Amino acid sequence: MSKQTQFRRTTVPQIAARKGGEPIVSLTSYHAHTAAIVDKYADFILVGDSLGMVMHGMESTVGVPLDLMIMHGKAVVRGTQKALVVVDMPFGTYEESPAVAFRNAAKIMKETQCGAVKLEGGKRMAETIRFLTERGIPVMAHIGLTPQSSNVMGGFKTQGREEDSWAIHEEDARAVAEAGAFAIVLEGMVEPLAAKITKQIPIPTIGIGASAECDGQILVLEDMLGLNEWTPKFVKVYGDLGPAIERAVSQYAEEVKDRSFPGEDEVYR
Ligand code: KIV
């Protein structure tokens, strides 16, 4: 107990205590440098398995390996001082049994030093969430559109379009909250359903393509920065990083080709 850090990170109980209070700000990040910027503004940073698609060109998150999550998780923890860091458990590392989930979640926490893990699934994952939280692993749940199940769902589809399907999602939310999840991501869910769940459960809801009524919001950083040519319809784009990078790269290429690129005497003065 001798090591004192200069900055205290946001804790899991602090996030849980924000239910119905000041909205929770969160973003994804996968690298030390973007995480250091996001850290100034976010209450928590998610090292999402979306990194498989966003950074590594995969078609879905299904192929993301545990070691990749750990590598990016370490980078984000190193780059940050203030925000709680949550790391996604990738597909195939937690569904089999609570014991398998514990082994892999403990590996993520020990190797990255993150503060919590996130896993997808509602009622069916409740037993696992209880098993992990009772053994010292804080869990953020994730229901609605769960990308790791996109093969079963037939793609990335907004959930709850038919009102008679709402009860299943409400039951999922209640089950993970009762099992001990400290917060829950509601992804790709019709607005009134997400608002209804937010009112019903005692833990903070974090919306993505859900409702402004959620207790907090999360976006994939590269989407909101305008880095990708395509972004989901619900994403408000705040930056123009894609065109900005292209302008810089094309200017560099031109300068190299027409030999106007600065020489040693100009650069190292
Ligand atoms: O993987 C991810 O980035 C996520 C967010 C979209 C919530 O799970």
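Every number for a ligand or one of its atoms is a count from 1 in the order of the listing. If you read the sequence from its start, that first residue is 1, and numbering goes on from there. These numbers were taken from a predicted model, which means no experiment stands behind them.
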Per-atom contacts of ligand 1 with [X], taking only distances under 4.0 Å to non-hydrogen atoms:
{"X": "Gly48", "value": "1 (O), 2 (C), 3 (O)"}
{"X": "Asp49", "value": "1 (O)"}
{"X": "His142", "value": "8 (O)"}
{"X": "Ile208", "value": "6 (C)"}
{"X": "Thr28", "value": "3 (O)"}
{"X": "Asp88", "value": "1 (O), 2 (C), 8 (O)"}

query = Of the non-hydrogen atoms in Ala101 and Met89, which two are nearest, and what is the gap between them?
reply =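 Scanning both residues completely, I find the closest heavy atoms to be O-CE, 3.6 Å.
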request  = Taking all non-hydrogen atoms of both residues into account, name the closest pair between Asp49 and Asp88 and its distance.
outcome  = N-OD2, 2.8 Å
query = Identify the closest protein heavy atom to atom 3 (O) of ligand 1: which residue and atom is it, and at what distance?
reply =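 For this ligand atom, the closest protein heavy atom is Ser50 OG, 2.5 Å.
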inquiry  = Looking only at protein heavy atoms, which one is nearest to atom 7 (C) of ligand 1, and what is the separation?
reply    =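 So the nearest neighbour among protein heavy atoms is Leu46 CD2, 3.8 Å.
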request  = Would you check if the side chain of Glu95 reaches a backbone N or O of Met125 as a donor-acceptor pair within less than 3.5 Å?
outcome  = no
request  = Using atom types as modelled and distance alone, determine if a side-chain donor or acceptor of Ser29 lies under 3.5 Å from a backbone N or O of Ala35.
outcome  = yes
inquiry  = When you compare ligand 1 with Lys118, is there at least one nitrogen or oxygen pair between them that comes in under 3.5 angstrom?
reply    =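 N/O-N/O distance below 3.5 Å exists for this pair.
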request  = Return yes if a side-chain donor-acceptor contact under 3.5 Å exists between Thr93 and Arg103, otherwise no.
outcome  =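 Short answer, no.
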message = Measuring only between side-chain heavy atoms, which start at C-beta, is Gln148 closer than 4.5 Å to Tyr94?
response = yes
ask   = What do you reckon, is NZ of Lys123 surrounded by more than 12 foreign heavy atoms closer than 6.0 Å?
value =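 Atom NZ in Lys123 is not crowded, with 12 or fewer foreign heavy atoms closer than 6.0 Å.
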